[in-house]
2 protein chains.
Amino acid sequence: MIEVITQDRPVVVDALPATQQLAAWLKVLAEPRRLQILNLLIAGVQCNCELGDHLDMAPNLISHHLSVLRKAGLVEVERDAVDARWVYYSLNRATLAALNAAFGAFFDPTRIQPRRAVCGPQGNVLPAATIHVTKH
Amino acid sequence: MIEVITQDRPVVVDALPATQQLAAWLKVLAEPRRLQILNLLIAGVQCNCELGDHLDMAPNLISHHLSVLRKAGLVEVERDAVDARWVYYSLNRATLAALNAAFGAFFDPTRIQPRRAVCGPQGNVLPAATIHVTKH
DNA sequence: GATATACTTCAAGCATGATTGAAGTGATTA
DNA sequence: TAATCACTTCAATCATGCTTGAAGTATATC
């Protein structure tokens, strides 16, 4: 826990469970192929083979990514009642809702505070354009 | 581009710019320390040294992560007008708004389509609980 | 039972990127 | 001008995890 002093009372800028949970979800989502898989699941595509056809990926790789998504609670698994060899994946709407809530809470524009001049001379600030950007 | 057939008209499930852009942002955000840095920036903390104090990180590492955030357009840089040795980082609200919009659009619950039985016998589905989970 | 199907798990190889210490840059002060 | 300060860049190490091919599992069919 880190405390930042406001006018007269401390505000907690937690290093915290909520942020950690969001970080864990983002790590799972920060994979282009997993996002594509989610995109297909959202569109109603559900079996390993068809996901592979659409994304041009080996079935074991699809299986791996689906496993990661499943461990994160984002997708669920079912087997076909007629022929149980077929496996269908679907979205976990509750987790998706929690994810949306966590993301929205963290990046809520109204949370943004003005600069606190804790270090530095006094904090009169130059426009960004005047900065010397080093080229290499 | 991938086309999925709905009732009577094709719906584009693009492999697409919007998803690619979101994936790029998520990759930048999927780093616990960067999320913590953003969290501090949101709380009004802005110079490298103080971020380092709060997060117990070396200044060069902070600098590295801030550089990644800056290249993603999420933060901006300014130098102090009184003493230009001090550098202040702040959030780019426009990019943050675009990020929120992209995330919200991708994970919009109303986008979720019901299963399309394209492969598999017919798609009568068993509850997830009946699945045999292999242990090792 | 033997074979086929749909998928999963395992055991590498490999690439990306976080981390670290040292050197470098720009600005200020003595 | 020399020294200091705040920060950045560089080079190298190291860890995480994606990817791939092979082997394994569960289910269904012959």
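Labels below follow one simple rule: chain letters A, B, ... track the order of the sequence lines, proteins then strands, and each chain is numbered from 1. Basis for what follows: all heavy atoms, side chains included, without hydrogens, waters or symmetry-related copies.
- In terms of modelled atom types and a separation under 3.5 Å, the side chain of A:Asp80 and the main chain of A:Val87 share no donor-acceptor contact.
- Although no hydrogens or angles enter the test, the distance criterion places no donor-acceptor pair under 3.5 Å between the side chain of A:Gln46 and the main chain of A:Tyr88.
- Atom pair B:Leu69:CG and C:dG17:C1' shows a separation of 14 Å (rounding to whole Å applied).
- Look at CD on A:Glu78: it is 14 Å from P on C:dC7, rounded to the nearest Å.
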Give me, pair by pair, the N or O atoms of the protein and of nucleotides 1-5 of chain C that are less than 3.5 Å apart, along with how far apart they are.
unit_1, atom_1, unit_2, atom_2, d
C:dT5, O4', A:Arg85, NH1, 3.4

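- Between the CD1 atom of B:Ile37 and the C1' atom of D:dC7 there is a distance of 14 Å, rounded to whole Å.
- The CG-P distance, from B:Leu66 to D:dA6, rounds to 17 Å in whole Å.
- With rounding to whole Å, B:Arg70 atom CZ is found 12 Å from D:dC7 atom C1'.
- A:His64 meets the side chain to side chain contact (heavy atoms under 4.5 Å, CB included) test with A:Leu61, A:Val68; sequence neighbours excluded.
- The minimum heavy-atom distance between B:Val77 and B:Tyr89, with the atom names listed, is CG2-CE2, 3.6 Å.
- Counting heavy atoms from C-beta outward, B:Ser90 and B:Val75 have side chains that stay 4.5 Å or more apart.
- The side chain of A:Tyr89 sits closest to C:dT8 out of D:dT27, C:dT8, D:dC7.
- In summary, the side chains of A:Asn39 and B:Arg111 do present a donor paired with an acceptor at a separation below 3.5 Å, with no hydrogens or angles considered.
- Per the geometry, CD1 belonging to B:Ile62 stands 14 Å off P belonging to C:dA18, to the nearest Å.
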Please list, pair by pair, any protein nitrogen or oxygen found under 3.5 Å from a nitrogen or oxygen in nucleotides 17-21 of chain D.
unit_1, atom_1, unit_2, atom_2, d
D:dC18, OP1, A:Arg34, NH2, 3.1
D:dC18, OP2, A:His64, NE2, 3.2
D:dT19, OP1, A:Arg33, NH1, 2.7
D:dT19, OP2, A:His65, NE2, 2.7
D:dG21, N7, A:Asn60, ND2, 2.9
D:dG21, O6, A:Asn60, ND2, 2.8

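- Remark: P of D:dC7 and CG of B:Asp53 are 10 Å apart, rounded to the nearest angstrom.
- Atom CG of A:Leu41 sits about 7.5 Å away from atom CG of A:Leu69, to the nearest 0.5 Å.
- Rounding to whole angstrom units, CG of residue A:Asp83 and C1' of D:dA26 are separated by 11 Å.
- A side-chain N or O of B:Arg34 and one of B:His65 form a donor-acceptor pair less than 3.5 Å apart.
- Rounding to the nearest 0.5 Å gives a distance of 5.0 Å between CE of B:Met57 and CD1 of B:Ile37.
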